[in-house]
Engineer: 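Would you mind keeping the following structure in view while I ask a few things?
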Amino acid sequence: MARAAESVEHEIERLRRAIEHHNHRYHVLDDPEITDAEYDELFRRLEALERDHPALVTPDSPTQRVGAAPASGFATVTHRQQMLSLQNATSREEVEEFDARIRKFLARDAIAYTGEPKMDGVAVELVYEQGVLTVGSTRGDGVTGENVTANIRTIKSVPLRLRTGGRAAPRLLEVRGEVYLPLDAFRALNREREEAGLPRFANPRNATAGSLKQLDSRITANRPLDLVCHGVGEVEGASFATQAELLAALAAWGLKPVPQSRVLASVDEVAAYHDDLAARREALPFEIDGVVVKVDDRTLQRRLGQVSRSPRWAVAWKFKPRQATTRVLDIFPSVGRTGVLTPAAEMEPVAVGGVTVRNASLHNMDEVERKDVRIGDHVVIERAGDVIPYVVEVLTERRTGEERRFHMPQHCPVCGAKVVRAEGEVAYRCTGADCPAQLKQRLQFFAHRGAMDIQGLGEKLVEQLVDTGLVKHLPDLYRLDLATLVELERMGEKSATNLLAQIEHSKQTTLPRFLTALGIRQVGDATAKALAEHFRTLDAVVAAPVEALQEVRDVGPEVAASIRQFFDEPRNARLVKQLVAAGVKPAPVERAHGRLAGKKFVLTGGLASMTRPEAQRRIEALGGRVVGSVSKETDYVVVGTDAGSKLKRAEKLGVARLDEDAFLALLGDA
DNA sequence: TAGCCTCGAGTTCA
DNA sequence: CTCGAGGCTA
């Protein structure tokens, strides 16, 4: 028993030291070593131990205060009322417990809540005296923060004087809010920094903290920070019955209230609100890491009061973290279709945003060197914006000295050919003309939907065909027969027959598909289509001199040279000849005409009545074009379910939007 | 010559 | 989906 108590004491002390350390890194140095999720984990563990062992709680425990001492350089501001932090919840069960606690405390059956997105930024307080902004400060440790008035004043959405519509302003108004950097501004800032040779910010919150702590407010003024408000501290000369009323009053005074807030009548509605925001998270123009649930009635809020460091009437329901830290086990190059060696990191499996991640591409050597990722490093990984994980930053302070740098091999790991880096290019390329890795990728690209469209020829089969030597060059595909195919693993007579039919079918292709399938550098499906429309026949494309190629829309000197170089290479000329000899017949396509001739479409989200490639075909059949990104040149954005950032951009640029019904009507479907 | 627009290329997990 | 870069246009 005594020994158990000792070990608990030991663990509490260890946790406190760790939390104090990370507090300092985060709040004072703006340079955290661990993710928020890991920090929260430590904090929760300490809270749990202290709850179970109240005798061990001391006033200097990190649980007994909010943050750490402010960095030097700014004057200190004492908040009239302590700026509290929120209790966290990570599941519906915990929110139900929160609701049950409150109902029990107040002896009520039902409580109305307000839901707000939990903005991932920097918490601040603005003080308005007689309606004039006098002080802006960071939260700091909750009791005292830093005076960042000059920087706050640069934020466009912060009124320097409240709008009162002729009536008297409140004598005193302390507003609590969150400063953040909108995502597009964050990306633009990182691009600029990269060009200037400065390190990138790991995430918008770090960028916000860095911007807000500039001693020179002219720098801050160049960062398009924004501030939204979600609460008040001390107020004289005004009062609000509910949180919703408070937000409305702030808005009336010209402040920006937290967007997308809602009054919620039950835990069910709270859960629906949470799920809705979680689903729309990626499409929002700012980062959020959860929702904040507050008791709406301010009188009830006062009755509930607070427990040590947080109000009893609010809880932050956090989303599953999209960031996580893990360790790089190995870095190895993979060989792509064009021979490019792409370094990839193999990591200890870790859960991020609901899936287990093991691999992440490191894109190229410049990236590896810029981030200085080494084998054995602890890294922060993220699945932001899209699904694909990437390494955000290396936690250099966790290095032990055992880490190994990755060097690009001088010879291809698959075929042993020399690896070269062309002048002015970031990519390293395998020069092996018969590299099996390249052949596999090229074969798969050849069979791809947008190219020859050979269904059933997937990764596994390609692997077998190349490894068994059945396919040494692309034209070998057209010499396969039933007897050899059925020898392969997992290949019966039925699937072999189907595959042969698909291969046979692919011979009746179109010129643009065929040109795409060849895999000419810088020629994708759009350029292939333009070439086909311009030259009409394969022979004409193959024979075209550079000057003629440049007459094609979107083909300049670079692309023209690349095309010419491809066909001038004897092995490529032979490849084209052999494919044609094998029976491949690329048919010319009609020039674009039709009802939608010259119209540009962008597709976003999913459609119920057809797939995206199908929608593209339908549009093109009527002479329209489908492009990947929205610009003011775009004629229509087709908005499906779960539309992404393209819809936002369309709204901003005032581009016409079509829902599925309107789109079908345009296509001429009933 | 700069800035916009579009295209190409690479890519993870279930 | 996003980034980098080629090509086009004001």
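No experiment lies behind these values; they were computed from the predicted model shown. These numbers come from the heavy atoms of this one structure, side chains and all, not from hydrogens, waters or symmetry mates. So you know, we letter chains A, B, ... as the sequences are listed, proteins then strands, and number each from 1.
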Engineer: Using whole Å, report how far CD of Glu367(A) lies from C1' of dT2(C).
Structural biologist: 12 Å
Engineer: Looking only at the side chain of Arg187(A) (C-beta and beyond, no hydrogens), which of the listed nucleotides dC5(B), dA14(B), dC3(C) gets closest?
Structural biologist: dC3(C)
Engineer: In this structure, how many angstroms lie between the P atom of dG4(C) and the CD atom of Gln522(A), rounded?
Structural biologist: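 Rounded to whole Å, this separation is 16 Å.
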Engineer: Quick one, Phe514(A) and Met452(A) - any side-chain contact, counting heavy atoms below 4.5 Å?
Structural biologist: yes
Engineer: Scan Lys600(A) against the nucleic acid and name what it touches under 4.0 Å (heavy atoms): base, sugar-phosphate only, or nothing.
Structural biologist: sugar-phosphate
Engineer: Thr527(A) side chain: which of dC7(B), dG10(B), dC3(C) is closest?
Structural biologist: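 Side chain of Thr527(A) sits closest to dC7(B).
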Engineer: Choosing from dT11(B), dG10(B), dC13(B), which nucleotide comes nearest the side chain of Thr338(A)?
Structural biologist: dG10(B)
Engineer: Which residues satisfy the salt bridge (charged side-chain N to carboxylate O under 4.0 Å, His left out) test with Lys529(A), sequence neighbours excluded?
Structural biologist: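 If we apply the salt bridge (charged side-chain N to carboxylate O under 4.0 Å, His left out) test to Lys529(A), skipping adjacent residues, the hits are Glu620(A).
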Engineer: Please state how far atom NE2 in His448(A) lies from atom P in dG10(B), giving the value in whole angstrom units.
Structural biologist: 13 Å
Engineer: Looking at Asp366(A) and Lys371(A), is there a salt bridge between them, counting it only when a charged N and a carboxylate O are closer than 4.0 Å?
Structural biologist: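 Asp366(A) and Lys371(A): not salt-bridged.
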Engineer: Scan residues 549-565 of chain A against DNA chain B and write down, sorted by residue number, each residue with any heavy atom closer than 4.0 Å; if none is found, say none.
Structural biologist: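 Those residues whose heavy atoms fall under 4.0 Å from DNA chain B, taken from residues 549-565 of chain A, amount to none.
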Engineer: Without decimals, in angstroms, what is the distance between His363(A) NE2 and dT2(C) P?
Structural biologist: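 Result: 12 Å.
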Engineer: Taking for each residue the nucleotide of DNA chain B bearing the nearest heavy atom, is the 5' side occupied by Arg337(A) or by Ala360(A)?
Structural biologist: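 Nearer the 5' end of the strand: Arg337(A).
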Engineer: Among dA9(B), dT11(B), dC13(B), which nucleotide has an atom closest to any side-chain atom of Arg521(A)?
Structural biologist: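 The closest nucleotide is dA9(B).
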Engineer: By nearest atom, which of the nucleotides dT11(B), dG8(B), dT6(B) is closest to the Ala526(A) side chain?
Structural biologist: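 Looking only at heavy atoms from C-beta outward on Ala526(A), the closest nucleotide is dG8(B).
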Engineer: Whole-Å distance between dC13(B) P and Glu346(A) CD?
Structural biologist: 10 Å
Engineer: Arg513(A): which residues meet the salt bridge (charged side-chain N to carboxylate O under 4.0 Å, His left out) condition with it, sequence neighbours left out?
Structural biologist: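 Salt bridge (charged side-chain N to carboxylate O under 4.0 Å, His left out) list for Arg513(A), sorted by chain: empty.
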Engineer: For the pair made of CG in Leu518(A) and P in dA9(B), what is the distance, rounded to whole Å?
Structural biologist: 13 Å
Engineer: Output all residues satisfying side chain to side chain donor-acceptor pair (under 3.5 Å) with Lys599(A), sequence neighbours left out; order by chain, then residue number.
Structural biologist: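 Testing Lys599(A) for side chain to side chain donor-acceptor pair (under 3.5 Å), a comparison that skips the adjacent residues, returns none.
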Engineer: Taking only the side-chain heavy atoms of Thr356(A) (C-beta and beyond), determine which of dT11(B), dA9(B), dA14(B) contains the nearest atom.
Structural biologist: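 So the side chain of Thr356(A) is nearest to dA14(B).
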Engineer: Of the listed nucleotides (dC7(B), dT12(B), dT6(B)), which one gets closest to any side-chain atom of Asn359(A)?
Structural biologist: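 The closest nucleotide is dT12(B).
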Engineer: Can you run down the salt bridge (Lys or Arg N to Asp or Glu O under 4.0 Å) pairs that involve residues 539-566 of chain A, sequence neighbours left out, and say none if there aren't any?
Structural biologist: Arg564(A)-Asp568(A)
Engineer: Rounded to whole Å, please give me the gap between CG in Asp525(A) and P in dT6(B).
Structural biologist: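 From Asp525(A) CG to dT6(B) P: 15 Å.
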Engineer: Which pairs, with at least one residue in residues 340-350 of chain A and sequence neighbours excluded, count as a salt bridge (Lys or Arg N to Asp or Glu O under 4.0 Å)?
Structural biologist: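 Qualifying pairs, neighbours excluded: Arg327(A)-Glu348(A).
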Engineer: To the nearest Å, how far apart are Arg191(A) CZ and dC3(C) C1'?
Structural biologist: 9 Å
